[in-house]
Student: 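One structure, as structure tokens, below. Some questions next.
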Amino acid sequence: MISETHSNKTQTLKKIHTKLFHYLCTSEVLMTNELLAPEIKNTLDMLNEKQNGDVCKSLPIDDELNFDESEENDPFQKIMERVGNHGRFQLIYNIIFILALAAAGSMVYMNIILALDIPQHWCTVPGQGLTNYSLDEWRHITLPTQVDNRGASKFSSCEMYDRNFTETSNWQHWNKTKSNVTECQHGWSYDLTWYDSTIASKENWVCSKDLYVTNVFVVGRVTEVIGSFVLGQMGDIYGRRVIYYISIAFCALGRSFSIITTNLYWVFLFWTGLTGLAVNSLFQAPQIVGMEISREQDRSRIAIYQSCGWSIGTSLMPLLFWWIRDWVIFMWLTTIPTAIILIFYKYVIESPRWLISKQRYGKAITQFKKIAKINGRQFDLTEKELAAMYTKRKDDEVTYGMASLFSGWHLTRNTIIMGFSWCVVAVSYFTLVLFSTRMGGNPFLNFLLQSVVEIPAYVLGRYMGDTLGRRFTNSSTFLLSFVACIPLIVLAAGGIGALFLPETLHKKLPDTMEEARNFGKHDKFFSLPKAPPKVKKPQTLEEVRLNQT
């Protein structure tokens with residue numbers, strides 16, 4: 001026993017010497033022999049050779065030099081090695097709660113985008129059945145035309161000619177004029193090329209109600225942000241497992257009630273917002289636990305599991321809607337799988353690390369034993385032994401929830417950068433996804449291609465992250481996205497450049513080169529064009545005669 005204690009002290013002293021010498025070699029701090037214990041005076045004597053660099057260059061680079069105090073203060077990873085941090089339990093957990101849940105969660109999260117798609121539409125005008133006109137000919141007669149944002153002429157989606165066409169008999173004398181244009185009086189007709197129905201076409205959320213669809217997405221994004229803060233904080237207080245069940249319930253119930261309340265817009269908006277409230281924690285809570293109970297080198301693999309699960313779900317979803325064509329059945333089939341994940345409750349565990357942080361050592365031992373049993377390991381650590389391991393640690397620093405992320409300049413900077421980066425990625429990604437269904441051609445194929453192309457990007461991202469590091473990979477992908485968006489930015493070097501052109505409203509256009517060189521030269525940049533004052537022209541003799549009584 002005495003020799004064992006002496007050996008431990010020797011090893012500890014050796015680590016202290018190594019770390020101290022490394023510190024002295026890499027710092028400019030001057031210390032005196034009188035301030036330190038006699039055991040390390042030899043180390044200080046070697047400091048005099050620091051200027052020559054000989055001793056510092058000979059400093060061994062080994063595991064002792066990379067000794068991390070956090071490993072000694074936190075034995076969690078050592079415990080997980082005894083339990084099994086790369087076994088059958090981790091494999092099952094990752095497949096069910098990381099990959100499969102991500103696939104189901106992505107469908108319950110994104111199905112609303114396809115279900116709210118607005119097909120091409122136009123005013124329904126009665127009377128076509130009384131004629132032998134085709135649909136295109138009938139629309140040409142009864143609907144005005146307008147120019148879209150691409151400069152192409154198309155039939156108006158929200159206006160019709162104000163006339164009772166069921167009583168029109170002499171079509172040759174029918175005169176289409178702008179003066180008799182009105183809003184749709186008899187509802188709308190929808191293009192059935194891709195959809196039999198969507199929420200927008202069922203409830204006629206078009207024209208004067210087209211903001212209804214936009215409001216749904218806005219509410220969803222706002223509640224996502226709120227849910228990330230609220231449920232994230234609740235996870236730190238009440239545990240990850242509670243938040244997991246809350247997220248499942250909110251997402252499944254929110255989407256289910258959304259399906260049956262589309263005729264009550266504000267109720268529909270509430271249930272849609274409830275889904276958004278929990279959608280982020282639906283992915284985050286299981287992933288946090290999965291990374292805590294796994295090896296460090298498996299963390300990138302867990303991220304790949306979740307990312308691929310997301311792409312699998314978003315790839316299956318458009319194919320399913322393309323086949324079904326009806327939004328109600330589609331919404332049910334993409335919502336139910338999230339609730340089905342609940343049948344795997346046997347493998348739902350609370351975070352052992354969180355339980356230890358709350359000093360609930362008995363519950364932590366229960367979770368460890370559950371993992372060890374499935375991994376085929378023997379685990380005989382008792383609650384008292386676990387408590388003793390952590391009571392010897394130095395007191396934990398007091399934290400204040402989310403505010404702790406801003407408890408220092410370095411941490412504040414990192415928090416702001418990560419938050420801003422996430423906002424940029426989210427806005428860019430969802431903008432592409434939302435517009436994928438609004439582009440020309442097959443909306444399902446557009447959405448599918450948008451999802452499938454992500455899978456090789458995940459593989460490449462993991463390879464770069466594991467070889468070049470996360471920091472360089474993150475930065476380089478941001479720069480690559482910037483280069484890809486340069487054409488859009490050029491359209492914006494166009495929008496800014498147009499501000500420096502001269503105003504032409506209410507002005508005589510130049511006729512000569514001299515006039516062109518001076519045209520708008522003295523205009524103020526921050527000014528709006530003003531109409532010239534009206535000058536009352538004298539009446540002609542004819543106008544005087546006509547105005548006489």
Side-chain angles (χ1 to χ4, degrees), residues 70-102 105 231-249 278 280-303 305-306 309 338 340-393 395-396 399 401:
S70 63
E71 294 180 2
E72 186 177 274
N73 292 330
D74 185 7
F76 183 82
Q77 291 302 328
K78 294 294 183 182
I79 297 174
M80 282 306 307
E81 288 178 4
R82 294 172 58 182
V83 172
N85 57 6
H86 184 67
R88 186 168 179 264
F89 183 89
Q90 281 78 11
L91 179 62
I92 296 174
Y93 189 92
N94 291 336
I95 291 177
I96 296 176
F97 300 106
I98 306 297
L99 192 147
L101 183 60
L231 294 179
Q233 191 73 17
M234 289 177 62
D236 292 337
I237 298 173
Y238 302 107
R240 318 299 184 195
R241 183 165 57 179
V242 173
I243 299 305
Y244 163 76
Y245 284 122
I246 290 176
S247 302
I248 291 283
N280 281 333
S281 57
L282 180 69
F283 299 100
Q284 291 172 357
Q287 187 186 37
I288 291 173
V289 177
M291 289 190 171
E292 287 179 350
I293 64 174
S294 299
R295 300 181 305 175
E296 181 180 352
Q297 54 266 43
D298 289 339
R299 291 175 184 172
S300 60
R301 182 180 302 174
I302 293 173
Y305 276 140
Q306 189 172 82
T338 302
I340 292 178
I341 301 293
L342 289 173
I343 67 176
F344 299 101
Y345 66 91
K346 175 182 177 182
Y347 298 97
V348 178
I349 63 169
E350 183 54 88
S351 166
R353 184 183 288 276
W354 178 83
L355 290 170
I356 292 173
S357 70
K358 298 298 181 181
Q359 298 182 354
R360 297 165 64 177
Y361 301 114
K363 295 286 185 68
I365 291 293
T366 302
Q367 307 306 312
F368 284 135
K369 288 184 176 180
K370 181 184 292 187
I371 299 172
K373 180 179 179 181
I374 297 177
N375 283 340
R377 296 288 189 94
Q378 292 292 332
F379 185 74
D380 53 2
L381 190 67
T382 65
E383 178 181 351
K384 185 177 294 186
E385 291 172 336
L386 180 62
M389 294 171 66
Y390 278 88
T391 52
K392 292 180 181 178
R393 296 175 58 202
D395 295 336
D396 292 334
T399 59

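The chain is numbered in sequence order, starting from 1.
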Student: Working to the nearest 0.5 Å, report the span between CZ of Arg301 and CD of Gln306.
Tutor: 16.0 Å
Student: Does the pair Ile302 and Ser294 meet the rule for a side-chain contact (heavy atoms from CB on, under 4.5 Å), with working shown?
Tutor: CA-CA 9 Å; Ile302 293 173; Ser294 299; 3.6 Å; yes
Student: Please give me the minimum heavy-atom distance between Gly105 and Phe283, naming the atom from each residue.
Tutor: C-CZ, 3.6 Å
Student: For atom CD of Gln297, decide whether the heavy atoms of other residues, nucleotides or ligands shown that lie under 6.0 angstrom number more than 12.
Tutor: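 Yes.
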Student: With rounding to the nearest 0.5 angstrom, report the CZ to CG distance, Phe368 to Asp380.
Tutor: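 If we round to the nearest 0.5 Å, Phe368:CZ and Asp380:CG are 13.5 Å apart.
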Student: Can you confirm whether more than 12 heavy atoms, excluding those of Tyr238, are under 6.0 Å from its OH atom?
Tutor: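 It does not: Tyr238 OH has 12 such atoms or fewer within range.
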Student: Rounded to the nearest 0.5 Å, how far does CG of Leu282 lie from CG of Leu101?
Tutor: 4.5 Å
Student: As a quick check of understanding, evaluate side-chain contact (heavy atoms from CB on, under 4.5 Å) for Gln287 and Ile98, giving each step before the final call.
Tutor: CA-CA 6 Å; Gln287 187 186 37; Ile98 306 297; 4.3 Å; yes
Student: So if I apply the side-chain contact (heavy atoms from CB on, under 4.5 Å) rule between Glu81 and each of Val83, Asn85, Ile79, which one comes out positive?
Tutor: Asn85
Student: Of all heavy-atom pairs between Ala364 and Leu386, which one has the smallest distance, and what is that distance?
Tutor: CB-CD2, 4.1 Å
Student: Could you tell me whether a side-chain N or O of Glu383 sits under 3.5 Å from a main-chain N or O of Tyr361, the two making a donor and an acceptor?
Tutor: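 No.
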Student: Check the pair Leu99, Asn94 against side-chain contact (heavy atoms from CB on, under 4.5 Å), reporting the backbone distance first and the verdict last.
Tutor: CA-CA 6 Å; Leu99 192 147; Asn94 291 336; over 6 Å; no
Student: Hey, could you give me the OG/CD distance between Ser351 and Glu292, rounded to the nearest 0.5 Å?
Tutor: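 Ser351 atom OG to Glu292 atom CD measures 3.5 Å (nearest 0.5 Å).
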Student: Once you round to the nearest 0.5 Å, how far does CZ of Phe344 lie from CZ of Phe97?
Tutor: 7.5 Å
Student: Evaluate Ile341 against Tyr244 for side-chain contact (heavy atoms from CB on, under 4.5 Å), listing each step before the verdict.
Tutor: CA-CA 11 Å; Ile341 301 293; Tyr244 163 76; 3.4 Å; yes
Student: Can a side-chain donor-acceptor contact be found between Gln90 and Asn375 if the only test is distance below 3.5 angstrom?
Tutor: yes
Student: Is it the case that the side chain of Ser281 and the backbone of Ala278 share a donor-acceptor pair, with hydrogens and angles ignored and the cut-off at 3.5 Å?
Tutor: yes
Student: Should the heavy atoms of other residues, nucleotides or ligands under 6.0 Å from CZ of Arg88 be counted, would the total exceed 12?
Tutor: no
Student: Which heavy-atom pair separates Arg240 from Ala285 by the least distance, and what is that distance?
Tutor: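 Distance-wise, the nearest heavy atoms are O-CB, 4.0 Å.
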Student: Indicate yes or no: at least one non-hydrogen side-chain atom of Lys370 is less than 4.5 angstrom from one of Thr366.
Tutor: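 No, their side chains stay 4.5 Å or more apart.
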Student: Counting heavy atoms not belonging to Lys369, are there more than 12 under 6.0 Å from its NZ?
Tutor: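 Counting neighbours around NZ of Lys369, 12 or fewer heavy atoms of other residues, nucleotides or ligands fall under 6.0 Å, so no.
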Student: To the nearest 0.5 Å, what is the distance between OH (Tyr305) and CD1 (Ile96)?
Tutor: 12.0 Å
Student: Under a 3.5 Å distance rule, please check whether Tyr93 uses its side chain to pair with a backbone N or O of Pro286 as donor and acceptor.
Tutor: yes
Student: Any donor-acceptor pair under 3.5 Å linking the side chain of Glu350 with the backbone of Gln367?
Tutor: no
Student: Any side-chain heavy atom of Ile288 sitting closer than 4.5 Å to one from Trp354?
Tutor: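 No, every pair of side-chain atoms sits at 4.5 Å or beyond.
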Student: For residues Arg82 and Arg377, report the shortest heavy-atom separation together with the two atoms involved.
Tutor: O-NH1, 3.3 Å
